[in-house]
Amino acid sequence: MKVVILAGGLGTRISEESIHRPKPMIEIGGKPILWHLMKIYSEQGFNDFVICLGYKAHVVKDYFANYYVRESDLTFDFTDSPRTTIRRNRSEPWKVTLVDTGEHTMTGGRLKRIKDVIGNEAFLLTYGDGLANVNIHRLLEFHRRHGKLATLTAVQPPGRFGVLTMADDSRIELFQEKPPGESWINGGFFAMEPEVLERIEGDSTVLEEAPLRGLAMDGQLMAFKHFGFWQPMDTLRDRNYLHALCASGNVPWMVGLS
């Protein structure tokens, strides 16, 4: 099953970093967040990736063009019979298809442009800037069981501030540091049938507007509730938080899939 990753946006809310590279190529723990995202899938047996590029597409292309060499120990023999020998390879067993879907194309338009690559099979889809310990097999099981056209992973966003519960005399009865929000939001990590692509008109179509709204109105969009770790990388603060988790050795998006 193909895993489609939307990695072509401008990343304006984290422009301190995205001015130099696409947002999915911003590093946390010495690796692009795109690599961490792909590891979430590959650790669960999904290794066939289609990455939709746009803004600074060449940066992603250069990364994967040199990935095998970068992840290997090499011997370069410059004698009379020049040759290169791979001593040890640590690269992942990935098949990666990179498609330039246009710098200003919207999320739905990017999907439409890779219709021929996806073919007539169900596919997985996510954004290139959010990490979670989603159990992809459970997501797929849920998707196949309900038989609808699309499933999104619903998450409760982490709160930004601590919450106090106070008695009438201003005595604090409960202090809770940054509890999750009460509402559910779209956390990415979709499973979709190819018929969804027929609801996308062209480059200017935003997936989260007419296509998903139409699916919801037609009773064809379901929510897979995820109660585990989920964290987007929308701002520099988010990036620093994810980087600090890596530095501490705590990588919750790879531990205890839920």
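Of all heavy-atom pairs between Trp184 and His226, the closest is CZ3-O, 3.9 Å. Nearest heavy atom pair, residue Cys246 against residue Gly29, reads CB-CA, 3.7 Å. Taking every heavy atom of both residues into account, Met25 and Arg21 meet most closely at O-CD, 3.5 Å. Taking each heavy atom of Met233 and Ile28 in turn, the nearest pair found is SD-CG2, 4.5 Å. Pro32 and Pro24 make their closest contact through CB-O, 3.6 Å (heavy atoms, listed as atom of the first residue, atom of the second, distance). Considering every non-hydrogen atom in both Gly128 and Ile5, the closest pair reads CA-CG2, 3.8 Å.
Proximity of Met1 to Leu140: side-chain heavy atoms (C-beta onward) are separated by under 4.5 Å at one or more points. Considering only heavy atoms from C-beta on, Ile40 comes within 4.5 Å of Leu131 through its side chain. Taking the side chain as every heavy atom from C-beta outward, Asp218 and Arg199 approach each other to under 4.5 Å. Using a 4.5 Å cut-off on side-chain heavy atoms (C-beta onward), Val196 and Phe190 make no contact. Proximity of Leu245 to Gln231: side-chain heavy atoms (C-beta onward) are nowhere separated by under 4.5 Å. At least one side-chain heavy atom of Trp230 sits less than 4.5 Å from a side-chain heavy atom of Ile185. A heavy-atom distance below 4.5 Å is found between the side chains of Leu221 and Leu152. Residues Pro22 and Val60 meet the side-chain proximity criterion, which asks for heavy atoms closer than 4.5 Å.
Shown here is Glu71, whose CD atom has more than 12 heavy atoms of other residues, nucleotides or ligands within 6.0 Å. Annotation: Lys31, atom NZ; neighbour count of heavy atoms from other residues, nucleotides and ligands within 6.0 Å is above 12. Counting non-hydrogen atoms of other residues, nucleotides and ligands closer than 6.0 Å to CZ of Arg145 gives a total above 12. When the shell of 6.0 Å around CG of Asn120 is examined, it contains 12 or fewer heavy atoms from other residues, nucleotides or ligands.
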Go through the steps to decide whether Leu6 and Cys52 satisfy the test side-chain contact (heavy atoms from CB on, under 4.5 Å), and finish with yes or no. CA-CA 5 Å; Leu6 299 173; Cys52 299; 4.1 Å; yes
Going through the checks in order, is the side-chain contact (heavy atoms from CB on, under 4.5 Å) test met by Phe189 and Val155? CA-CA 10 Å; Phe189 295 91; Val155 300; over 6 Å; no
With side-chain contact (heavy atoms from CB on, under 4.5 Å) as the criterion, how do Val3 and Ile136 come out once you've worked through the C-alpha distance, each side chain's angles and the decisive distance to 0.1 Å? CA-CA 11 Å; Val3 179; Ile136 305 300; over 6 Å; no
Would you please test Ile118 and Met192 for side-chain contact (heavy atoms from CB on, under 4.5 Å) and show each step? CA-CA 11 Å; Ile118 293 174; Met192 290 185 170; over 6 Å; no
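In this structure, Gln44 contributes its side chain and Val134 its backbone to a donor-acceptor pair below 3.5 Å. Put simply, the side chain of Thr107 gets close to the backbone of Leu207: a donor and an acceptor are under 3.5 Å apart. Using modelled atom types, one side-chain atom of Arg110 and one backbone atom of Gly8 make a donor-acceptor pair closer than 3.5 Å. Panel note: side chain Arg138, backbone Phe224; no donor-acceptor pair is recorded below 3.5 Å. A side-chain donor-acceptor contact under 3.5 Å links Lys112 to the backbone of Ile200.
Cluster membership for Val96 and Val99, using ILVMFWY side-chain heavy atoms within less than 4.5 angstrom, is not shared. Hydrophobic clustering, with ILVMFWY side chains joined whenever heavy atoms are under 4.5 angstrom apart, keeps Trp94 apart from Val4.
Atom CG of Leu124 and atom CZ of Phe49 lie 9.5 Å apart (nearest 0.5 Å). Taking CG of Leu242 as the reference point, atom CD1 of Ile33 lies at 5.5 Å (rounded to 0.5 Å). Note that the CG atom of Leu149 and the CG atom of Leu212 stand 11.5 Å from one another [nearest 0.5 Å]. If you take CG on Leu125 and OG1 on Thr153, they are separated by 10.5 Å, rounding to the nearest 0.5 Å. The OG1 atom of Thr205 sits 10.5 Å away from atom CG of Leu111, with the distance rounded to the nearest 0.5 Å. For the atom pair CE (Met38) and CG (Leu34), the distance works out to 5.5 Å, reported to the nearest 0.5 Å.
Put simply, the residue from Val117, Ile114, Leu197 that forms a side-chain contact (heavy atoms from CB on, under 4.5 Å) with Phe123 is Leu197. Each of Asp100, Thr101, Asp203 was scored for a side-chain hydrogen bond (donor to acceptor under 3.5 Å, both in side chains) with Arg113, with one residue passing: Asp203.
Ring orientation note: the planes of Phe142 and His146 are nearly perpendicular, at an angle over 60° on the 30°/60° scale. Using a 30° and 60° split on the angle between ring planes, Phe46 and His137 fall in the tilted class, from 30° to 60°.
Taking the side-chain hydrogen bond (donor to acceptor under 3.5 Å, both in side chains) definition, one finds that Glu43 meets it with Lys39, sequence neighbours left out. Residues meeting the ring pair (Phe, Tyr, Trp, His ring centres under 6.0 Å) test with His243, sequence neighbours left out: none.
Here the two rings, on Tyr41 and Trp253, have centers that are 6.0 Å apart or farther.
Residues Lys56 and Glu17 are not paired through a salt bridge, judged by the lack of any N-O separation under 4.0 Å between the basic side chain and the carboxylate. A salt bridge does not link Asp238 to Arg13: none of the charged side-chain nitrogens sits closer than 4.0 Å to a carboxylate oxygen. For the pair Asp234 and Lys23, the salt-bridge criterion is met [side-chain N within less than 4.0 Å of a carboxylate O]. A salt bridge is absent between Arg213 and Glu209: the closest approach of a Lys/Arg side-chain nitrogen to an acidic carboxylate oxygen does not fall below 4.0 angstrom.
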